[in-house]
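Each remark here refers to the structure printed beneath this line.
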Amino acid sequence: MEHPPFNHNFLKHTTMDTQVNKIEKQLQHFTGTEMYYHIPILKTRFTDGLKYLADVADCYWLITDASVIAKSLKYKSGWITIDFKRLPEDKRTASGYEAEIVYSDGNDTILERHGYRVTDFPLDALRLFFVNDTLMLPSEY
């Protein structure tokens, strides 16, 4: 009896889902921070939760991008929410972007929006806060 060919895409998708679930579960455990990490050239800092995320998801680019933009928006708001979102297929096709990051004041006022044509960030969505030159997970505020 002949078996159907092995579906490598299924294995890749299952492995990615497992990684995403693990990351999301671990992020829930970060409340407050014991240590601050610095981006010296920007004079910003980030928390334990973001250090964990940057290490496991290889996304130091996200911390750097979010810090640069949020710091440039401080004059508009002392409190900035940063929302990463992978776009649905129809919006990807229409916009040419795979994901976007929306910077707002936390009261539905969008301060800036940045599109990313390609991303390897494993999560579909993530919210961060930028307050007092510090980038953090909401649970760390």
Please check: side-chain N/O of K71 versus main-chain N/O of L42, any donor-acceptor pairing under 3.5 Å?
yes

Quick one: does any side-chain atom of T64 pair with a main-chain N or O of W61 as donor and acceptor, under 3.5 Å?
no

[Y] and [X], any side-chain heavy atoms less than 4.5 Å apart:
X: D65; Y: H114; result: no
X: K43; Y: D133; result: no
X: L123; Y: L27; result: yes
X: R86; Y: T119; result: yes

What is the distance from atom [atom1] of [X] to atom [atom2] of [Y], rounded to the nearest 0.5 Å?
X: I63; Y: L135; atom1: CD1; atom2: CG; value: 6.5 Å
X: L87; Y: D124; atom1: CG; atom2: CG; value: 10.5 Å
X: E100; Y: F84; atom1: CD; atom2: CZ; value: 9.5 Å
X: T81; Y: D108; atom1: OG1; atom2: CG; value: 8.5 Å
X: I23; Y: L126; atom1: CD1; atom2: CG; value: 10.0 Å
X: N132; Y: F130; atom1: CG; atom2: CZ; value: 9.0 Å

How close do [X] and [Y] get, counting heavy atoms only, and between which atoms?
X: R127; Y: P138; answer: O-CD, 3.1 Å
X: A70; Y: Y103; answer: N-CE2, 4.2 Å
X: V20; Y: P122; answer: CG2-O, 3.2 Å
X: K76; Y: L111; answer: NZ-O, 3.9 Å

When the ring planes of W79 and Y141 are compared, do they come out parallel, tilted or perpendicular, using 30° and 60° as the limits?
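Because their plane-to-plane angle is over 60°, the rings of W79 and Y141 count as perpendicular.
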
Can you get from [X] to [Y] by hopping between Ile, Leu, Val, Met, Phe, Trp and Tyr side chains that sit under 4.5 Å apart?
X: L62; Y: Y116; answer: yes
X: L73; Y: I82; answer: yes
X: F129; Y: I110; answer: no
X: Y36; Y: I39; answer: no
X: L137; Y: V131; answer: no

Side-chain donor-acceptor pairs of residues 45-52 under 3.5 Å, sequence neighbours excluded:
{"from": "R45", "atom 1": "NE", "to": "T134", "atom 2": "OG1", "distance (Å)": "2.7"}
{"from": "R45", "atom 1": "NH2", "to": "T134", "atom 2": "OG1", "distance (Å)": "3.4"}
{"from": "T47", "atom 1": "OG1", "to": "E140", "atom 2": "OE1", "distance (Å)": "2.4"}
{"from": "T47", "atom 1": "OG1", "to": "E140", "atom 2": "OE2", "distance (Å)": "3.1"}
{"from": "D48", "atom 1": "OD2", "to": "T33", "atom 2": "OG1", "distance (Å)": "3.0"}
{"from": "D48", "atom 1": "OD2", "to": "E34", "atom 2": "N", "distance (Å)": "2.7"}
{"from": "D48", "atom 1": "OD2", "to": "M35", "atom 2": "N", "distance (Å)": "3.4"}
{"from": "K51", "atom 1": "NZ", "to": "D55", "atom 2": "OD1", "distance (Å)": "3.2"}
{"from": "K51", "atom 1": "NZ", "to": "D55", "atom 2": "OD2", "distance (Å)": "3.1"}
{"from": "K51", "atom 1": "NZ", "to": "Y60", "atom 2": "OH", "distance (Å)": "3.0"}

